[in-house]
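Everything on this sheet refers to the single structure shown next.
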Amino acid sequence: AFQAAVSRSFDPNTHAVSVNVDVKVSGDTAVAIAKTASVPFVRDDCGLALGDVLQNFRAALDHLAWDLVKAGTDPRPRRPQDVYFPVAKSFASWRDGVDRKLPGVHPEQRTFIRRYQPYRRGVAARAIRRLRDLSDRDKHRVVVPVAMNFSPHLNAEVESNWTVTGLRYLVTRPTCLKVNTPLVRVDLARPQGGAPDCHVQMKGEFMVYPALPGGYPTTALGEIRDTVLEILTEFDKRL
């Protein structure tokens, strides 16, 4: 459902990216800046579907935590509201909170869960860190994908009645696009006996892609899914 919503919001035939060119003339030279005039409109259903995905992944881990507590030495803890799958920001946070979040859970099972804590390194820890960050954000407001450009080079051609003396791409890294985001700078010079007015047109393609808040690519959801499934599958063997 999320992928379908993303496709609807980022369909280039429906929500194409357009570019405006602002030209400033100073004597016999000019500078033209190409900026985004429009970006894809991300529909509400995209953010709502993403929120469902994130909260279901998080809930699956919290249900697992409850199953582990029920199978441990303290199946009826004094504070059941404190039981959930730990997502510690540091080892100190893990150490100080594990007894409260996983009361009575076997040390071997706790050790396995610690491998996936966000403060650790590796793909799995990164996936849980992103799940924590995105799901926490979704609890307070709708998490909406943003339009980003992941390529520093545009497939663009400049047409002008003045001479192009320089061209510099201003998108040098993955960038969240908004209206009036600068894309290209073009330096121009008045040709000998040329027209007094400088006209610049830019033609070509400018590819944009959906990204999760924080600049995470949507493939991060695949990492989260695979990591959650890995944890659940491992404990399915143990319980």
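Hydrogens, waters and symmetry mates play no part in the numbers below; they use all other heavy atoms, side chains included.
- Counting heavy atoms from C-beta on, the side chains of Val184 and Val158 never come closer than 4.5 Å.
- Nearest heavy atoms, Cys46 versus Ala5: CA-CB, 3.6 Å.
- Note on Leu177 and Val179: separate hydrophobic clusters, where clusters join Ile, Leu, Val, Met, Phe, Trp and Tyr whose side-chain heavy atoms are under 4.5 Å apart, directly or indirectly.
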Exercise for review: Given side chain to side chain contact (heavy atoms under 4.5 Å, CB included), test Asp136 with Arg58 step by step and report yes or no.
Suggested key: CA-CA 10 Å; Asp136 284 352; Arg58 189 83 178 254; 3.3 Å; yes
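- Pairs passing the ring pair (Phe, Tyr, Trp, His ring centres under 6.0 Å) check and including a residue from residues 68-106, sequence neighbours excluded, do not occur.
- Residues Asp187 and Val31 have side chains in contact (heavy-atom distance under 4.5 Å, counting atoms from C-beta outward).
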Point to revise | Worked check of side chain to side chain contact (heavy atoms under 4.5 Å, CB included) between Trp162 and Val25 | key: CA-CA 11 Å; Trp162 283 32; Val25 178; 3.9 Å; yes
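- Contact record, Phe57 with Leu221: CE1-O, 4.3 Å, taken as the closest heavy-atom pair.
- Side-chain contact check for Asp74 versus Val69: every heavy-atom pair is 4.5 Å or farther apart.
- Within the 4.5 Å cutoff, no side-chain heavy atoms of Leu61 are placed close to those of Val87.
- Side-chain N or O atoms of Ser90 include one that pairs as donor or acceptor with a backbone N or O of Ser93 at under 3.5 Å.
- Using modelled atom types, no side-chain atom of Thr181 and backbone atom of Thr36 make a donor-acceptor pair closer than 3.5 Å.
- If you chain together hydrophobic residues whose side chains sit under 4.5 Å apart, Val171 and Leu167 fall into the same group.
- Nearest heavy atom pair, residue Thr227 against residue Ala127, reads OG1-CB, 3.4 Å.
- The side-chain hydrogen bond (donor to acceptor under 3.5 Å, both in side chains) test with Arg190 is passed by exactly one of Asn161, Thr163, Thr29, Asp28: Asp28.
- Under the 4.5 Å side-chain contact rule for hydrophobic residues, Leu68 and Leu229 do not share a cluster.
- The line from CD of Glu234 to CD of Gln109 is 10.0 Å long, rounded to the nearest 0.5 Å.
- The side-chain heavy atoms of Pro77 and Asp82, taken from C-beta on, include no pair separated by under 4.5 Å.
- Here the shortest heavy-atom pairing between Thr165 and Leu188 reads OG1-N, 3.7 Å.
- For the pair Ala60 and Leu232, the tightest heavy-atom approach, listed with the atom from each and the gap, is O-CD2, 4.0 Å.
- Of the possible donor and acceptor atoms, none in the side chain of Arg130 sits under 3.5 Å from a partner among the backbone N and O of Tyr216.
- Distance check: Thr218 OG1 to Gln3 CD gives 6.0 Å after rounding to the nearest 0.5 Å.
- Among all heavy-atom pairs drawn from Ala49 and Phe2, the shortest one is CB-CA, 3.8 Å.
- Between Lys101 and Asp62 there is no salt bridge, since no side-chain nitrogen of the basic residue lies less than 4.0 Å from a carboxylate oxygen of the acidic one.
- Distance check: Arg129 CZ to Leu131 CG gives 12.0 Å after rounding to the nearest 0.5 Å.
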Practice item. Take Ile128 and Ile231 through the side chain to side chain contact (heavy atoms under 4.5 Å, CB included) test and state the conclusion after the steps. Key: CA-CA 11 Å; Ile128 297 301; Ile231 296 171; 4.3 Å; yes
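- Here the straight-line distance linking atom CG of Leu54 with atom CG of Asp133 works out to 10.5 Å at 0.5 Å rounding.
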Exercise for review: Check step by step if side chain to side chain contact (heavy atoms under 4.5 Å, CB included) holds for Leu50 and Leu212.
Suggested key: CA-CA 9 Å; Leu50 176 58; Leu212 304 179; 3.8 Å; yes
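- Between Ser135 and Gln55 there is a side-chain heavy-atom pair separated by less than 4.5 Å.
- Considering CZ of Arg114 and CZ of Arg120, their distance stands at 5.0 Å, rounded to 0.5 Å.
- Here Gln117 contributes atom CD and Arg132 contributes atom CZ; the two are 9.5 Å apart, rounded to the nearest 0.5 Å.
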